[in-house]
Undergrad: 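The structure follows.
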Amino acid sequence: MNSIEILKQGGIQLSSAGTGIRHNEVCNGNGDVHVVQIWAFPWNASLKPTCFTRHFTQEEKQDKWVLLDAPMGSDVQRITLWATLLSPNRTISHEMPSSDVEREVYMQVVQTSEFNLGAAQGAHVRVGFGNQSIEMRDGDGAFVHAAPR
């Protein structure tokens, strides 16, 4: 792939390691950088390595879900990625499509309060699933397993 990219705020890079890649991240400046990196096992070990970059403005993500997915028709991945910037006291919903197999959802509240070893100090959200709910705080992640319907 042999590429160098500079990602700015709102930028995402989706890569498929496929048969193997080597990569690194370098902070392009003197300040701290906050990066979310999510890895998933490939559904097919013989996929060709590939990479693409997209950018989403804050307005596109504000109080609504935006799809951060691979390009249409891509055989890169079988996962779907969504993001939002949620304002205080706002609620948004997302319904999982019906499926005859169990589905897994991973949620991450991105840490915005800078690194700390103590209790979370930044954002928190209440996430509901049917008649259950959990409170997720700054930096928390959670898996949800949805039974077949």
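Given the structure is predicted, the values throughout are model-derived calculations rather than measurements. Hydrogens, waters and symmetry mates are skipped; everything else that's a heavy atom, side chains included, is used.
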Undergrad: Given side chains that start at C-beta, do those of Q58 and Q9 come closer than 4.5 Å, heavy atoms only?
TA: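 Touching, per the 4.5 Å side-chain cut-off.
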Undergrad: Measuring only between side-chain heavy atoms, which start at C-beta, is V125 closer than 4.5 Å to V109?
TA: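 Yes, at least one pair of side-chain atoms sits under 4.5 Å.
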Undergrad: Using the salt bridge (Lys or Arg N to Asp or Glu O under 4.0 Å) criterion, which residues pair with E59? Sequence neighbours excluded.
TA: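 Here no residue qualifies.
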Undergrad: Does any part of the side chain of M136, heavy atoms only, come nearer than 4.5 Å to the side chain of M107, both counted from C-beta?
TA: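 Yes, at least one pair of side-chain atoms sits under 4.5 Å.
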Undergrad: How close do H55 and G11 get, counting heavy atoms only, and between which atoms?
TA: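 In terms of heavy atoms, the two residues are closest at CD2-N, 3.7 Å.
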Undergrad: Is there a path of hydrophobic side-chain contacts, each under 4.5 Å between heavy atoms of I, L, V, M, F, W or Y residues, that connects F56 with L81?
TA: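 The answer is yes; both residues are in one hydrophobic cluster.
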Undergrad: Using side-chain heavy atoms (C-beta onward) and a distance below 4.5 Å, is T84 in contact with I92?
TA: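 They are in side-chain contact.
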Undergrad: For the backbone of R90 and the side chain of S87, can you confirm whether one donor and one acceptor N or O come within less than 3.5 Å of each other?
TA: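 Checked: no pair found.
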Undergrad: Starting at CG of L67, measure out to CD of E60 and round the result to the nearest 0.5 Å.
TA: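 If we round to the nearest 0.5 Å, L67:CG and E60:CD are 12.0 Å apart.
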Undergrad: I'd like to know whether I134 forms a side-chain contact (heavy atoms from CB on, under 4.5 Å) with R126, so could you lay out the CA-CA distance, the side-chain angles of the two residues, the decisive distance to 0.1 Å, and finally the verdict.
TA: CA-CA 6 Å; I134 59 169; R126 179 156 301 282; 5.7 Å; no
Undergrad: Side chains of L86 and D63: does their closest heavy-atom pair fall under 4.5 Å?
TA: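 Heavy-atom side-chain distance check passes, below 4.5 Å.
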Undergrad: Just say parallel, tilted or perpendicular for the rings of W82 and H94, cut-offs at 30° and 60°.
TA: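 The rings of W82 and H94 sit tilted, inter-plane angle from 30° to 60°.
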Undergrad: To check you understand the geometry: which heavy-atom pair defines the closest contact between A83 and K61, and what is its length?
TA: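 In terms of heavy atoms, the two residues are closest at CB-CD, 4.4 Å.
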Undergrad: Hey, quick one: are I12 and Y106 part of the same hydrophobic cluster, counting side-chain heavy atoms closer than 4.5 Å, chains of contacts allowed?
TA: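 No, I12 does not connect to Y106 through the hydrophobic network.
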Undergrad: Indicate yes or no for a side-chain donor-acceptor contact from Q13 to the backbone of T53 under 3.5 Å, with no hydrogens or angles considered.
TA: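 No.
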Undergrad: Does CD in E135 sit with more than 12 non-hydrogen atoms of other residues, nucleotides or ligands closer than 6.0 Å?
TA: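 Yes, enclosed.
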